[in-house]
Amino acid sequence: MFFIQWVMIHSGFQQSNMRSRQASILRSPPKQILPVTVNNLIVRTSDPSYYKWTQWIFIQLFNSWYNPETNKAENISTLIPKLKNFNSLSEKDQSDLLLEYRLAYLSDTMVNWCPQLGTVLANEEVKDGVSERGGFPVERKLMKQWSLRITAYADRLFDLVEKVTTPQQKKAVEEYITFAKNRSERERMADVKKISGVFTGGYVDHPFTGKKIPIWIGDYVLAGYGTGAVMAVPGHDSRDYAFAKHFDLPIIEVVQGGDLSKESYDAKEGKLVNSDFLNGLEVKDAVKKAIAAIEEKGLGKGKTNFRLRDAIFGRQRYWGEPIPVYYENGIPKVLEEKELPLVLPEVDKYLPTETGEPPLARAKDWKYKGKFEYEYSTMPGWAGSSWYFLRYMDAHNDQRFASKEAVDYWQNIDLYIGGAEHSTGHLLYVRFWTKFLYDLGLIPVLEPAKKLINQGMIQGVSSFVYRLAFEVTDTLAAGPPIGFNAWEAAFLTLKEIPFFISKKRLDKSFQDFKYQGNDLEINEILESFQDLFNKEIPNFTGKLKISRYTPIYVDVNIVNNNILDTKSFQNWREEYKNAKFLLEENGEYICGSEVEKMSKSKWNVVSPDLMVEQYGADALRLYEMFLGPLELSKPWNTNGISGVSNFMRKLWRLYHNGEQFSVSDEKASKQELKTLHKTIKKITYDIENFSFNTSVSNFMICVNELTELKSNKREILEPLAIVISPYAPHIAEELWLKLGHKESITYAEFPKVNEEYLVESAFNYPVSFNGKTRFYQEYDLSLSKEDVEKEILNNEQTQKYLEGKSPKKVIVVHNRIVNIVI
RNA sequence: GCCCAGUUGGCGGAAUCGGUAGACGCGCUGGUCUCAAACACCAGUAGGAAACUGUGCCGGUUCGACUCCGGCACUGGGUACCA
């Protein structure tokens with residue numbers, strides 16, 4: 001099923017870019033890969049008939065608060081009686097007060113504001129304090145933003161005991177609750193080498209020993225961490241340790257196991273020492289006991305702190321669902337259900353206004369009831385995707401997000417497969433919205449999915465070329481003065497003729513982007529470039545100096561095995577048409593490479609379309625599975641696809657004699673049945689365990705064995721087609737029709753294993769000495785453990801390895817292994 | 001920095017409960033077919049002459065460790081406005 005989402009533009013000014021991105025998303029994955037296309041189940045979150053309900057859910061969030069007593073979301077009306085003097089407040093004050101409780105609320109949040117672009121930037125769009133696009137300064141700015149009170153659900157998002165969960169989900173939950181802190185703090189944390197800090201002059205009393213402890217401020221401490229308690233463990237935290245060493249502060253060992261004169265002991269394992277009533281306890285127990293003791297003394301209370309922050313819900317972009325809010329005298333109010341959807345208004349440009357308001361502020365006469373301003377920010381990309389699993393259940397309902405019958409019937413997703421990179425954002429919000437809708441009694445489930453698998457991502461292999469930067473020296477000093485034109489030409493040449501150095505040669509001469517030393521290699525480089533240079537400008541007398549190099553992403557489609565096609569490179573971009581290269585001795589230009597996420601900006605995207613054209617959709621499907629475990633990330637490499645393609649040809653041949661379809665109705669042999677049932681057993685196991693890569697291997701083994709047996713029996717080939725159909729649906733369907741069936745193979749029953757065919761009569765024992773396998777010995781399965789032991793000790797080869805000694809111990813694991821300890 | 005995952009031949013990977021390391025495929029080498037090439041087919045392919053050694057590194061548990069435990073290194077992902 002397809003899921004088409006908003007495509008956001010990065011920064012307002014690239015509409016054409018936006019169109020191409022949208023197109024590329026529509027194109028991939030190639031729809032032939034999917035066995036079934038259910039056209040009426042396409043869900044577009046950008047379609048008003050869909051986002052009407054996204055807006056509707058937002059209104060429910062606005063109208064709700066989280067009741068800590070019942071531990072669930074409730075309508076805001078149940079809150080009002082609990083608020084003192086609520087009715088005597090002004091309308092504005094009432095609104096402000098309620099906003100402090102609503103699950104969708106306006107708040108002041110810190111954002112990366114770029115005044116020149118007039119927009120808020122993602123952290124990843126900010127590099128070294130300037131915008132990635134355009135290099136404009138970025139400042140941290142406090143902004144009124146719509147936010148969702150996801151923290152109200154922190155306990156429940158983290159609470160794994162709550163009804164449904166799987167180990168995978170637990171893992172995912174842990175990923176959700178990741179560290180939250182703002183950028184400047186992160187930058188300070190990253191800079192751990194610098195140790196700076198100061199004694200404040202103040203002291204605190206130790207709650208248990210009563211000793212006075214001086215308070216220092218360190219740069220590496222997070223401002224938001226903890227709640228006012230003073231904490232430092234110089235013996236057992238490497239940063240605290242470095243800090244204490246630097247300022248010569250006392251370091252007291254409290255956990256045994258390290259050597260504090262040399263380094264900190266950070267491991268949280270070991271017995272406590274120098275800790276009064278905690279001495280002798282393990283760290284875990286000591287923490288519990290210390291918290292209990294603090295509570296007993298009335299000094300504090302144990303509390304679990306979640307590293308979760310409320311989710312900012314407003315975006316200063318055009319492409320997104322309008323937030324169904326208008327302002328009446330500065331008071332935010334939501335639309336009524338019958339007024340939905342609030343559709344995106346037309347604007348002249350997808351740019352912020354001159355005064356820095358979001359693009360929606362450009363819309364002419366876009367006012368609620370003709371007089372009240374709408375909210376100008378839009379919803380983030382994840383808004384629509386936070387509930388689309390529900391819409392699939394009833395995609396065309398215009399009365400409700402999905403009918404009650406549908407949500408009761410379908411419940412939740414059986415299996416959610418998504419990349420780990422989605423865990424933090426998307427999944428967190430889906431689970432939050434699901435719990436919220438459950439609280440309101442709108443859906444019967446607490447979790448969007450019964451099971452969750454984090455599939456690995458197919459990564460790209462980026463290639464780099466290295467451009468050298470030169471300086472011209474001695475232009476005036478050398479010989480007769482050269483004319484202005486020659487001098488200018490030199491600079492133009494440097495600009496217009498980019499010089500690229502091959503990776504291996506680069507590695508010999510450069511470190512950390514800087515040219516190191518004046519070795520032979522680099523002189524050679526200079527000479528060869530000087531030659532090129534002098535050819536370009538005959539009367540040039542200046543000297544070249546290499547200053548540094550810059551790695552540049554190069555389109556992977558013109559690189560093969562790290563070797564650059566230099567001709568194609570020159571044609572790739574106008575600015576490189578005069579490019580010169582310093583090659584390896586064998587005349588090749590070697591590129592640098594790195595494995596990373598596929599991304600247009602990294603020029604490492606390979607499209608599967610070509611693969612489908614060349615090998616077919618089944619081969620691509622099989623190959624993708626064959627690449628490795630579902631949960632592992634790996635770089636996309638098409639080198640092995642011919643293997644699965646060959647396999648499919650062999651499979652086809654089993655059912656054919658030359659061009660002719662040929663399947664016999666003879667009884668299958670024991671051997672053939674064994675091969676078939678072995679395969680059924682393995683594939684059944686693999687499907688249950690999502691181990692699709694080994695399935696493909698086993699189909700190959702099966703087809704190889706059947707080819708060997710020259711098997712073309714219907715009794716074998718018919719079940720085989722069914723077993724393979726989930727993996728290679730197109731070819732299986734075609735074979736199925738040729739086998740004479742009228743109905744699609746999709747409806748055929750999956751064959752069951754018959755263990756009878758798999759029974760063996762003997763086992764070939766690996767015989768090992770001190771754990772090393774030396775030879776094999778076959779024994780009948782009926783032989784008991786004791787008999788095997790007796791037999792093996794009398795074995796001629798055993799005697800050879802024993803060299804006359806008598807074994808200390810003989811271990812026989814029945815039908816598994818023999819190990820003799822000498 | 002913090003959180004998560006991974007590291008096995010030339011390459012992708014297999015080994016299901018602690019019990020035969022390298023299944024299957026790619027690549028490579030040699031051969032058959034061909035005037036030749038491609039395709040196809042056959043054989044070999046962790047290293048080493050061998051004894052043996054080998055699953056990122058150091059240590060531990062065990063008769064036995066890719067698998068379990070402790071520590072470390074490196075790579076990838078996330079870190080909240082890419083979705």
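Predicted model only: the values in this text are computed from it and were never measured.
A:N646 meets the side chain to side chain contact (heavy atoms under 4.5 Å, CB included) test with A:R649; sequence neighbours excluded. By the side chain to side chain contact (heavy atoms under 4.5 Å, CB included) test, A:L781 pairs with A:E760, A:F763, A:N815, sequence neighbours left out. Under the side chain to side chain contact (heavy atoms under 4.5 Å, CB included) criterion, A:I817 pairs with A:P766, A:S768, A:V813, not counting sequence neighbours. In this structure A:Y623 satisfies the side-chain hydrogen bond (donor to acceptor under 3.5 Å, both in side chains) test with no other residue, sequence neighbours excluded. The salt bridge (Lys or Arg N to Asp or Glu O under 4.0 Å) search around A:E705 returns A:K678, not counting sequence neighbours. Checked against salt bridge (Lys or Arg N to Asp or Glu O under 4.0 Å), A:K144 has the following partners two or more places apart in sequence or in another chain: A:D108. Considering only residues two or more places apart in sequence or on other chains, A:N689 meets the side chain to side chain contact (heavy atoms under 4.5 Å, CB included) condition with A:Y685.
Annotation: B:C4 and B:G10 have their C1' atoms spaced 31 Å apart (nearest Å). On the P atoms, B:A23 is 13 Å away from B:A15, given to the nearest whole Å. When the P atom is compared between B:A14 and B:U45, the two are found 22 Å apart, to the nearest whole Å. Here, B:A83 and B:G78 have their C1' atoms 13 Å apart, quoted to the whole Å. Rounded to whole Å, the separation between the P atoms of B:G71 and B:G76 comes to 24 Å. Here the separation of B:U61 from B:G18, taken at their C1' atoms, is 11 Å to the nearest Å. Separating the C1' atom of B:C63 from that of B:A46 is a span of 27 Å, rounded to the nearest Å. Taking atom P in both B:G9 and B:G47, the straight-line distance is 12 Å, to the nearest Å.
Evaluation of the salt bridge (charged side-chain N to carboxylate O under 4.0 Å, His left out) test over residues 808-822 of chain A, restricted to residues two or more places apart or in two chains, returns none. Listed by first and then second residue, the salt bridge (charged side-chain N to carboxylate O under 4.0 Å, His left out) pairs involving residues 683-693 of chain A are A:K682-A:D686 (not counting sequence neighbours).
Base orientation for B:C17: syn, the chi torsion being within 90° of 0. In this structure, B:G9 is classed as syn because its glycosidic torsion stays within 90° of zero.
The side-chain heavy atoms of A:T684 and A:K681, taken from C-beta on, include no pair separated by under 4.5 Å. You'll find the side chain of A:T798 reaches within 4.5 Å of the side chain of A:F775, heavy atoms only.
Residue A:E631 contributes atom CD, which lies 19 Å from atom P of B:G12 at whole-angstrom precision. If you take CD of A:E688 and P of B:U16, they are 16 Å apart, rounded to a whole angstrom. Rounded to an integer number of Å, the gap from A:N819 CG to B:C63 P is 10 Å. Distance, A:N815 CG to B:C17 C1': 16 Å, rounded to whole Å. For the pair A:E321 CD and B:A83 P, the computed distance is 11 Å after rounding to whole Å. Rounding to whole angstrom units, CG of residue A:L428 and C1' of B:C3 are separated by 14 Å. Taking atom CG of residue A:L627 and atom P of nucleotide B:A14, one finds them 11 Å apart after rounding to whole Å. B:A14 atom P lies 14 Å from atom CZ of A:F692, rounded to whole Å.
The base of B:U16 sits with one of its N or O atoms less than 3.5 Å from a complementary donor or acceptor on the side chain of A:K682.
In this structure, A:R774 does not reach the B:U20 phosphate: none of its side-chain N or O atoms is under 4.0 Å from OP1 or OP2.
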Atom pairs, protein N/O to nucleotides 46-49 of chain B N/O, distance under 3.5 Å:
none

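Residue contacts for A:V813: at a heavy-atom cut-off of 4.0 Å it reaches a base atom on one of the strands shown. As judged by a 4.0 angstrom heavy-atom cut-off over every strand, A:Q145 is placed among the base-contacting residues. Within the 4.0 angstrom heavy-atom criterion, only backbone atoms of the sugar-phosphate kind lie near A:L632; the bases stay farther away.
Under a 3.5 Å cut-off, the side chain of A:Y318 and the backbone N or O of A:P352 do not form any donor-acceptor pair.
The nucleotide whose nearest atom lies closest to any side-chain atom of A:Y685 is, among B:U16, B:G6, B:A80, B:U16. Comparing B:G19, B:U20, B:C39 against the side chain of A:P766 picks out B:U20 as the nearest. Comparing B:C63, B:A40, B:G6 by their closest approach to the side chain of A:R653 singles out B:A40.
Mapping A:F763 and A:G628 onto RNA chain B by nearest heavy atom places A:G628 closer to the 5' end of the strand.
Checked against a 6.0 Å centroid threshold, the rings of A:F699 and A:Y727 count as neighbours.
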Can you build the contact string for nucleotides 21-27 of chain B? Use B for base contact, S for sugar-phosphate-only contact, and - for no protein heavy atom under 4.0 Å. S-BBSS-
Whenever both distances are under 3.5 Å in a Watson-Crick or G-U wobble pair, mark it; put RNA chain B into dot-bracket that way, with [ ] for crossing pairs and | when the partner is on another strand. (((((((..(((......[....)))((((((.......))))))((....))..(((((..]....))))))))))))....
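Looking at A:S697 and A:T694, their side chains never bring a donor and an acceptor atom within 3.5 Å of each other.
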